[in-house]
Structure formats: structure tokens, C-alpha cells
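Since the structure comes first, as C-alpha cells, the remarks are kept for the end.
Both ligands and their constituent atoms are indexed starting at 1 by order of listing. Owing to the predicted nature of the structure, the values given are computational and were not obtained by experimental measurement. Residue numbers start at 1 and run along the sequence shown.
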Amino acid sequence: MKSQKMIAVYPGFFDPFTVGHLNIVKRAASIFEEVVVLVASDSPKKAMFDFSDRIAMIREVLQSEKYIRVESFEGLLIDYMKKNGYQVIVRGLRTVSDYEYEFQMAQANRTMDEDVETLFLVTAPQYSHLSSTLIKEIARLGGDISKMVPLPVYNKMKKIKNP
Ligand code: COA
């Protein structure tokens, strides 16, 4: 089954949303007609930001982007994709170690619904070292994260004393 409009879904916990994530979203938006940044509810890791904060921050970062919208979900990604008629998942690949995890997720999603494709964009080299965990640690220890996260995220993180 072909979708009428080429919409890519970029899912993640985004705790927090980084400049690396932003780079992937914008590149996806240059390929697809629309991109949905899809914020997942419960992270298995201890989250710094709750669900509604993560959604609000990403909305603020992307507010001027006409073809990018932010949605959120709970439960299985594949169920949300199916329910909304979405067929393409975009994920960023930073390192070889990402590959194993991404490969498993893509295969599991494909087993659950073979109409949903996962496409990978290779992370821009300047962002390949970034991770949300690393950024939270640098912020906690008083380091400068201004080049690692978009401004609305930076401002919010500055307000939190002990991420
Ligand atoms: N640049 C910089 N960092 C990046 C990046 C990029 N391009 N792409 C990923 N990252 C980093 C993030 O900063 C984050 O770092 P961390 O591990 O230190 O926290 C990590 O890679 C991954 O984070 P993110 O992309 O936000 O979310 P995720 O990979 O954990 O998302 C879901 C996984 C939400 C897509 C997946 O768990 C899911 O679908 N869950 C719903 C339940 C479900 O369907 N489960 C079955 C899946 S088969």
C-alpha cells in the first residue's frame, strides 16, 4: 500500500532534544513532504524532563518549521504508525554501536507490520559524539552545553539545578 503523501516519522524520547536530533529532522524534511517528530512517553532510563516538557520544548524549537510537526504517543510505535497511516520511520545512525540496536528495532517493527519501512540517515560527523546522556552529565557538572542543544532546550536546562 502506498501512502498519498510522503510523511516521515522521527520517533525518540528526546530527553533532551539535541542539535544532532535537529539536524536529522531538518534533513528528513528536505527529503519528505512532511516530518512528524514523535515523542515517546516513558523512557526506560531516568528522565530529566517529563513527557509534557519534552513535547513543549520540541514544539518551541520547531515552531517556525512549516512542514515539521510534533506528535506524541504511548505504547507501541508500530501501533501509532498503523493508526495514523504512517509508513516511514526515520532514524539517525551515529556509530557502529547504534547499528545493532537500530537493526533490532527495525526488524522487530517490520515483523509486526511489513508495510512500515525504517530508513536511516547517517548523523553529520560534528554530531556523532553527542548523546542526551552525555549532555545531561556535562550540564550537571557545570559544563557548557550551548552548542549541543537548541536554545529553548538550553534555557530550560539552565533552570534545572541537578539534572
Ligand atoms: N544526534 C545526536 N544524538 C542522537 C542522535 C543524533 N542524530 N540520534 C540519537 N541520538 C541519541 C540520543 O541523544 C539518545 O542518547 P542517550 O542514549 O544518551 O539517551 C539516544 O541516541 C537515543 O535517543 P532518542 O533518539 O531520543 O530515543 P531512542 O532511540 O531511545 O528512541 C524509541 C527509541 C522511542 C523510538 C523506541 O524505544 C520506541 O519505539 N519505543 C516505543 C515502544 C516500542 O514500540 N517498542 C518496541 C520497539 S521495536
Side-chain angles (χ1 to χ4, degrees), residues 7-32 35-59 61-62 68 70-84 86-141 143 145-154 156-157 160 163:
I7 300 175
V9 173
Y10 181 47
F13 290 110
F14 308 121
D15 182 52
F17 191 76
T18 71
V19 289
H21 290 130
L22 183 60
N23 176 261
I24 297 286
V25 178
K26 288 196 169 169
R27 285 164 57 203
S30 72
I31 301 168
F32 290 89
V35 176
V36 174
V37 177
L38 186 59
V39 187
S41 60
D42 299 317
S43 168
K45 299 173 217 161
K46 189 177 169 284
M48 176 176 178
F49 295 105
D50 66 26
F51 192 29
S52 56
D53 278 345
R54 284 183 280 131
I55 297 166
M57 274 190 288
I58 299 170
R59 288 219 162 105
V61 173
L62 297 169
I68 303 173
V70 181
E71 295 179 6
S72 58
F73 77 112
E74 287 176 44
L76 280 179
L77 172 62
I78 209 73
D79 288 344
Y80 188 85
M81 298 286 297
K82 249 192 254 186
K83 202 173 93 195
N84 291 282
Y86 297 144
Q87 289 179 303
V88 179
I89 298 169
V90 166
R91 298 281 294 165
L93 274 184
R94 292 168 299 171
T95 56
V96 175
S97 57
D98 276 353
Y99 175 76
E100 208 170 325
Y101 170 63
E102 294 297 337
F103 181 82
Q104 279 182 346
M105 275 208 303
Q107 294 290 42
N109 282 329
R110 197 176 167 74
T111 305
M112 290 185 276
D113 187 344
E114 61 180 20
D115 286 334
V116 171
E117 296 287 356
T118 303
L119 302 182
F120 296 104
L121 290 180
V122 174
T123 299
Q126 65 270 36
Y127 305 128
S128 62
H129 64 290
L130 283 184
S131 83
S132 300
T133 303
L134 192 81
I135 291 169
K136 282 183 278 192
E137 185 181 337
I138 294 170
R140 187 172 58 82
L141 299 171
I145 54 155
S146 59
K147 292 193 177 74
M148 301 176 190
V149 291
L151 191 61
V153 177
Y154 177 72
K156 185 94 184 174
M157 285 182 84
I160 297 183

Region of [X] that comes within reach of ligand 1 [heavy atoms, distance under 4.0 Å]:
| X | value |
| --- | --- |
| Thr123 | side chain |
| His21 | both |
| Ser131 | both |
| Leu77 | both |

Contact atoms of ligand 1, heavy-atom distance to [X] under 4.0 Å:
| X | result |
| --- | --- |
| Thr133 | 16 (P), 18 (O), 19 (O) |
| Phe14 | 26 (O) |
| Tyr101 | 28 (P), 29 (O), 30 (O), 33 (C) |

Does the N or O separation between Phe13 and ligand 1 drop below 3.5 Å for any pair?
->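 By distance alone, the answer is yes.
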More than 12 heavy atoms from other groups under 6.0 Å of NZ on Lys156 =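 Count not over threshold, so no.
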Please work out which of [options] has its closest non-hydrogen atom nearest to [atom].
| atom | options | answer |
| --- | --- | --- |
| atom 35 (C) of ligand 1 | Arg91, Met148, Gln126, Arg94 | Arg91 |
| atom 1 (N) of ligand 1 | Gly20, Ser132, Ser128 | Gly20 |
| atom 41 (C) of ligand 1 | Pro11, Ala40, Gly75, Ala47 | Gly75 |

Is atom 33 (C) of ligand 1 less than 4.0 angstrom from some protein heavy atom?
->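 Under 4.0 Å from atom 33 (C) of ligand 1, at least one protein heavy atom found.
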Got the closest protein heavy atom to atom 3 (N) of ligand 1, with its distance?
->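 Here the closest protein heavy atom is Leu130 O, 3.2 Å.
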Which heavy atom of the protein is the closest neighbour of atom 43 (C) of ligand 1, given with residue, atom name and distance?
->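 Going atom by atom, the protein heavy atom closest to atom 43 (C) of ligand 1 ends up being Leu76 CD2, 3.6 Å.
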Does the side chain of Tyr127 come within less than 4.5 Å of Val19's, by heavy atoms?
->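 They are in contact (side-chain heavy atoms under 4.5 Å apart), so the answer is yes.
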With the threshold set at 4.0 Å, does a side-chain nitrogen-carboxylate oxygen contact exist between Asp15 and Lys136?
->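 Here Asp15 pairs with Lys136 in a salt bridge, since their nearest N and O are under 4.0 Å apart.
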Would you say Gln104 touches ligand 1, if touching means a heavy atom closer than 4.0 Å?
->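 Flag not set, Gln104 not near ligand 1.
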